[in-house]
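Written below as structure tokens is the structure these notes are about.
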Amino acid sequence: MRIAAVAIPLALASVGIRSHVHSGPTGRVPARSRLAHTYFHRRFRQPAVPAPVQVDADALNPIAAPGDALLAARDQTISVFHDSPLGVTQPQASSEPRWITWSYLRSTAIPVHAAQSDIVVYGARFSLGATLSMVNTSQEKRDVTVRFRLPRGVYKAETLTYSPERPGSPATDTAPAVPVTPAGVHLRTLEGADFSSAHTLVKPLTLLPGEVCVLRCTDEAEATWSAMQETRQRLHEMAADAPGPSRRMRRMLDEAEGYLSGLKGTPGRHSSVEQRLGCIHRLLLSTAQAQSLHRNLQARHSVPAEKGGLVMGAMERLSDSLAETSAALLGLVPAISVTLPVQESTPAAGNTTTAPVEGPQVSVTLANRGSRAVGAVKVGLDPGLLPEGARPEPEDPALFGALRPGQTARAAFHVRGTASASVPASSCVGDVSYFIAGAAAHLRARAW
């Protein structure tokens, strides 16, 4: 009891000292106060935390002729990724790995700077946005604050991270064993941003030793405009073989094309989010009607197969871009986590097609980090992208109704394949849908 009676006045005195130091005329601390101040800091002082490394990139000022040092930074990022699992997931017909196409690192360079030399950075600008690559060449974890200068737009932000294999360690008397961490690739969607004029996107990230991270920012409003023009061009090409169906679908899109100009808003000032969501609503409805008509025409073979497939692909990109634009405006963040099985079961003797094989565990989420609720939320897996013979359990999506600000909807699935149809993580794609302004929107969450 006597100790407590002494400790409390000392702590109270230290609080008074702080106020006195800032308000006193001379800034000198009495001897008794200095004693209490020293006791307080020795007892409660926290260890110093290193400040995050600041990385700056400017997508507004492309570099026409990048220097050797900048190109060397790009080549270092590429060399690290070439030996990653991404190198074996490229399409057979592609001359470059799939991640190169995703990252746009071959595009026009932009100015970049890192406050520490052990963070190697490179930036590039492409037609729909900009990317920034970072390599942590140190042996320590680095907290990074990215400051990305971008033109006006509605941006979807994503990170593609490659973590190299990390060695484990045996158990000791004072520490348990640490297992080996295999190399991994992770694609993650971050909260989007809505800029009515040129602005700086700020994102905190963490890089482990040897880790490579590419931050890609895509202007989804611009992507919507591009997808609409592509759709109209594909319909024009199909009109030579199927003029009637092409004319009907063009008429559906023409009714809502005037709303495209409302997606970005007016330069220099914020337009109403509700007005832009209303534009997305009209465009989603018109696109869904055109897609439904086109599917019926394809089923009846009323349109040529090859050109009809190109039209459907363009309309799907248009629908996806509209949904991503609305998600960025609403603060919706989809995510997917795929855990592959440690050891697959072997098929029964003499049966190589139907024996069940343990597949990945998949978790799909939708987080609402905005200020508006969305309705009729469904979270599931896209079965059409799984290999033939594979199926998710449960097969139906999870229904959540309204998703309010601050809430997260989460659903878990177990994918089962067969001996002839193993299930890679890249085939597990989350299908997240919700209603906004009376129209349905679909988001795709990909592990890679």
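Counting from 1, the numbers follow the sequence of the chain as shown.
- Every residue meeting the side chain to side chain contact (heavy atoms under 4.5 Å, CB included) condition with Ala239, not counting sequence neighbours, appears here in chain and number order: Ser246, Arg250.
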Hey, can you pull the donor-acceptor pairs under 3.5 Å for the side chains in residues 184-193, sequence neighbours left out?
none

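- Annotation: side chain to side chain contact (heavy atoms under 4.5 Å, CB included) contacts of Pro383 (sequence neighbours excluded): none.
- Annotation: salt bridge (Lys or Arg N to Asp or Glu O under 4.0 Å) contacts involving residues 51-60, sequence neighbours excluded, comprise Asp56-Arg147.
- For Phe126, the ring-ring contact (aromatic ring centres under 6.0 Å, His included) partners are Tyr104, not counting sequence neighbours.
- Taken to the nearest 0.5 Å, the CZ atom of Arg74 stands 5.5 Å off from the CZ atom of Arg106.
- The shortest distance between side-chain heavy atoms of Pro209 and Ser138 does not fall below 4.5 Å.
- The number of heavy atoms from other shown groups lying within 6.0 Å of CZ (Arg446) does not exceed 12.
- Looking at Asp219 and Lys156, no side-chain N of the basic residue comes within less than 4.0 Å of a carboxylate O on the acidic one, giving no salt bridge.
- Residues Phe148 and Cys217 approach most closely at CD1-SG, 4.0 Å, considering heavy atoms.
- Here Ser103 pairs with nothing under the side-chain hydrogen bond (donor to acceptor under 3.5 Å, both in side chains) rule; sequence neighbours left out.
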Distance-only criterion, 3.5 Å: show the donor-acceptor pairs between side-chain atoms of residues 109-125 and protein atoms not counting sequence neighbours.
{"residue": "Gln116", "atom": "OE1", "partner": "Arg142", "partner atom": "NE", "Å": "3.2"}
{"residue": "Asp118", "atom": "OD2", "partner": "Arg142", "partner atom": "NE", "Å": "3.4"}
{"residue": "Asp118", "atom": "OD2", "partner": "Arg142", "partner atom": "NH2", "Å": "2.7"}
{"residue": "Arg125", "atom": "NH1", "partner": "Ala59", "partner atom": "O", "Å": "3.2"}

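- Between Arg391 and Glu393, at least one side-chain nitrogen of the basic residue sits less than 4.0 Å from a carboxylate oxygen of the acidic one, meeting the salt-bridge criterion.
- Listed by first then second residue, pairs satisfying salt bridge (Lys or Arg N to Asp or Glu O under 4.0 Å) with a partner in residues 375-386 read Asp382-Arg444, not counting sequence neighbours.
- Legend: residues meeting side chain to side chain contact (heavy atoms under 4.5 Å, CB included) with Ala72, ordered by chain and number and at least two apart, are absent.
- Among residues at least two apart or in separate chains, there is no salt bridge (Lys or Arg N to Asp or Glu O under 4.0 Å) pair with a member in residues 284-295.
- Judged by distance alone, with hydrogens and angles left aside, the side-chain atoms of Asn368 form a donor-acceptor pair with the main-chain N or O of Leu403 at under 3.5 Å.
- Every residue meeting the side chain to side chain contact (heavy atoms under 4.5 Å, CB included) condition with Met252, not counting sequence neighbours, appears here in chain and number order: Gln289, Ala290, Leu293.
- Legend: residues meeting side-chain hydrogen bond (donor to acceptor under 3.5 Å, both in side chains) with Ser127, ordered by chain and number and at least two apart, are absent.
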